[in-house]
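To keep things clear, I will list the structure first and then write my remarks on it.
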Amino acid sequence: MRLIPIAVLLAATPALAAELPQPVRDLVEAAAQTGDKAKIDVVVALAKQTNKGAEAEIDKIVADITAARAAERESKLAEAGYFDNWKGRGQLGASHSTGNSEISSVTFGLNLQREGLAWRHRLDAVVDVTNNRKGNDQERILTGYQLDYKFSDRVYSWGRFEYERNREAGIKRRFAESAGLGWRAIQQGPLKWDLEAGPALRQTLFKTYTENSFAGRGASRLALRLSDATQFTNDTAIFVDDAATINNTAALTSKMFGALGTRISYNLGWEEDPPAGLKRLDTTTRVTLVYDF
């Protein structure tokens with residue numbers, strides 16, 4: 001929607017009109033129907049500035065359309081089945097790891113999310129596979145499923161199950177079960193930031209021994225829309241028991257055309273107490289093509 005023609009049209013309306021002219025009403029309604037707060041704010045400000053005395057009518061138009069859109073959305077969510085409303089992203093590309101190993105790999109990834117009226121489902125997985133000089137397959141797998149119950153737009157409870165495998169870091173397999181409370185600390189314009197905390201159980205099979213522990217889990221999930229085509233995300237998970245584990249991924253995703261885009265990410269994995277002879281820090285850089293569906 002171009003703002004210059006809108007401004008010209010609004011400026012041409014009577015400055016002291018008690019009732020809102022139809023062309024201006026149409027513009028306000030069109031802006032409200034988009035649900036885009038930035039567009040709505042601009043059009044409403046111009047409409048109020050050039051149509052003194054019609055401010056209440058303008059606010060009512062926006063409020064009525066916003067309420068109708070919310071009611072329609074809630075109705076659709078309430079009627080949806082479990083297999084409805086899933087959205088996702090697949091990715092395929094290459095990665096390079098440093099730390100306990102310095103290898104290049106093929107990367108596969110999948111992220112799925114379903115928003116319901118009260119429940120939210122999240123599924124995420126990333127797999128790095130390579131063939132080293134000795135001819136043995138090296139693989140890293142990190143996957144998780146999370147179920148959220150939304151008390152409000154900002155507060156929710158969550159339960160999460162994770163599976164990890166990282167041969168180079170000495171982890172043959174690791175399971176983690178956790179639950180707790182989450183809070184959307186920021187939900188304004190292009191920025192969303194979720195914080196989570198709660199207790200966890202972890203069962204880890206290292207190369208030479210097994211470790212079961214009770215831990216605390218904290219998480220941060222930040223998403224910043226830089227433009228219509230570019231988004232920055234930063235996801236962090238921290239487990240703390242006798243020793244801490246930190247996993248952080250920062251990523252920049254850009255659309256190319258249609259549902260196809262590119263993603264550059266940097267992952268940091270830190271084990272405070274790794275098996276003997278191994279390093280605490282591993283890093284992985286991934287460059288992938290992504291497809292949204």
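No hydrogens, no waters, no symmetry mates; every other heavy atom, side chains included, goes into these values.
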- [ ] Could you tell me whether Arg114 sits above the aromatic face of Trp119, with NZ or CZ closer than 6.0 angstrom to the six-membered ring centre and within 45 degrees of the axis?
- [x]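 Geometry flag: not set, cation outside 6.0 Å or 45°.
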TODO: Decide whether a cation-pi geometry holds between Arg184 and Tyr156; the criteria are a distance under 6.0 Å from NZ or CZ to the six-membered ring centre and an angle within 45° of the ring axis.
DONE: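 The answer is no, since Arg184 fails at least one limit relative to Tyr156.
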For [X], is the [atom1] atom crowded, meaning more than 12 foreign heavy atoms sit under 6.0 Å from it?
{"X": "Trp270", "atom1": "CH2", "value": "yes"}
{"X": "Phe257", "atom1": "CZ", "value": "no"}
{"X": "Phe175", "atom1": "CZ", "value": "yes"}
{"X": "Trp183", "atom1": "CH2", "value": "no"}
{"X": "Gln22", "atom1": "CD", "value": "yes"}
{"X": "Arg154", "atom1": "CZ", "value": "yes"}

Flag yes if [X] and [Y] sit in one hydrophobic cluster, no otherwise; membership is Ile, Leu, Val, Met, Phe, Trp, Tyr, and two members link when side-chain heavy atoms are under 4.5 Å apart.
{"X": "Val287", "Y": "Val127", "value": "no"}
{"X": "Leu278", "Y": "Ile171", "value": "no"}
{"X": "Ile238", "Y": "Tyr266", "value": "no"}
{"X": "Leu289", "Y": "Val126", "value": "no"}
{"X": "Leu142", "Y": "Phe108", "value": "no"}

Let me confirm one number: the [atom1]-[atom2] distance from [X] to [Y], rounded to the nearest 0.5 Å.
{"X": "Gln33", "Y": "Ile65", "atom1": "CD", "atom2": "CD1", "result": "4.5 Å"}
{"X": "Leu201", "Y": "Asn212", "atom1": "CG", "atom2": "CG", "result": "9.0 Å"}
{"X": "Leu20", "Y": "Asp26", "atom1": "CG", "atom2": "CG", "result": "9.0 Å"}
{"X": "Thr253", "Y": "Gln231", "atom1": "OG1", "atom2": "CD", "result": "6.5 Å"}
{"X": "Arg286", "Y": "Ser97", "atom1": "CZ", "atom2": "OG", "result": "7.0 Å"}
{"X": "Ser178", "Y": "Phe239", "atom1": "OG", "atom2": "CZ", "result": "5.0 Å"}

Task: Among Val129, Ile103, Asp128, the one residue meeting side chain to side chain contact (heavy atoms under 4.5 Å, CB included) with Ser95 - done: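 Only one option passes, and that is Asp128.
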Side chain proximity check, [X] to [Y], heavy atoms < 4.5 angstrom:
{"X": "Tyr209", "Y": "Pro275", "answer": "yes"}
{"X": "Asn100", "Y": "Asn166", "answer": "no"}
{"X": "His121", "Y": "Trp86", "answer": "yes"}
{"X": "Leu268", "Y": "Leu281", "answer": "yes"}
{"X": "Glu162", "Y": "Thr143", "answer": "no"}
{"X": "Asp242", "Y": "Glu211", "answer": "no"}
{"X": "Val24", "Y": "Asn51", "answer": "yes"}
{"X": "Gln146", "Y": "Arg120", "answer": "no"}

So, does [X] use its side chain to make a donor-acceptor pair with the main chain of [Y] at under 3.5 Å?
{"X": "Gln113", "Y": "Leu123", "value": "no"}
{"X": "Glu55", "Y": "Gly53", "value": "yes"}
{"X": "Arg202", "Y": "Glu177", "value": "no"}
{"X": "Trp158", "Y": "Leu181", "value": "yes"}
{"X": "Gln91", "Y": "Val290", "value": "no"}
{"X": "Ser105", "Y": "Thr107", "value": "no"}
{"X": "Thr130", "Y": "Ser104", "value": "yes"}
{"X": "Thr230", "Y": "Ser227", "value": "no"}

- [ ] Take Lys192 and Leu222 through the test side chain to side chain contact (heavy atoms under 4.5 Å, CB included) and record every step on the way to the result.
- [x] CA-CA 6 Å; Lys192 294 180 181 180; Leu222 182 145; over 6 Å; no
Open item on the list: Please determine whether side chain to side chain contact (heavy atoms under 4.5 Å, CB included) holds for the pair Arg165 and Glu139, giving the CA-CA distance in whole Å, both sets of side-chain angles, and the decisive distance to 0.1 Å.
Closed with: CA-CA 8 Å; Arg165 178 183 178 88; Glu139 60 186 28; 2.5 Å; yes
Task: Contacts of type side-chain hydrogen bond (donor to acceptor under 3.5 Å, both in side chains), residue Thr249, not counting sequence neighbours - done: Asn267
Open item on the list: Could you walk me through whether Arg174 and Phe206 satisfy the side chain to side chain contact (heavy atoms under 4.5 Å, CB included) test, starting with their C-alpha distance in whole Å, then the side-chain angles of each, then the deciding distance to 0.1 Å, before giving a yes or no?
Closed with: CA-CA 8 Å; Arg174 171 183 278 162; Phe206 291 102; 3.7 Å; yes
[X] and [Y]: which non-hydrogen atoms are nearest, and at how many Å?
{"X": "Glu115", "Y": "Lys150", "answer": "OE1-NZ, 2.8 Å"}
{"X": "Val28", "Y": "Val62", "answer": "CG1-CG2, 3.9 Å"}
{"X": "Lys172", "Y": "Tyr163", "answer": "O-OH, 4.3 Å"}
{"X": "Ala237", "Y": "Arg217", "answer": "CB-NH2, 4.3 Å"}
{"X": "Ala251", "Y": "Arg263", "answer": "CB-NH2, 3.3 Å"}
{"X": "Asp241", "Y": "Ala215", "answer": "CB-CB, 3.8 Å"}

[X]/[Y] ion pair, N-O < 4.0 Å:
{"X": "Arg221", "Y": "Glu196", "answer": "yes"}
{"X": "Arg160", "Y": "Asp124", "answer": "yes"}
{"X": "Lys48", "Y": "Asp59", "answer": "yes"}
{"X": "Arg280", "Y": "Glu271", "answer": "no"}

TODO: Quick one: sort the Phe293 and Tyr291 rings into parallel, tilted or perpendicular, breaks at 30° and 60°.
DONE: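 Plane angle under 30°, so parallel.
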TODO: Could you give me the CA-CA distance, side-chain angles and deciding distance for Thr288 and Leu92, then say whether side chain to side chain contact (heavy atoms under 4.5 Å, CB included) is met?
DONE: CA-CA 5 Å; Thr288 58; Leu92 171 64; 5.9 Å; no
- [ ] Test Asn234 against Asn248 for side-chain hydrogen bond (donor to acceptor under 3.5 Å, both in side chains), laying out the working first.
- [x] CA-CA 7 Å; Asn234 189 287; Asn248 173 267; 2.9 Å; yes
Open item on the list: Please determine whether salt bridge (Lys or Arg N to Asp or Glu O under 4.0 Å) holds for the pair Arg173 and Glu164, giving the CA-CA distance in whole Å, both sets of side-chain angles, and the decisive distance to 0.1 Å.
Closed with: CA-CA 6 Å; Arg173 67 171 181 267; Glu164 180 181 3; over 6 Å; no
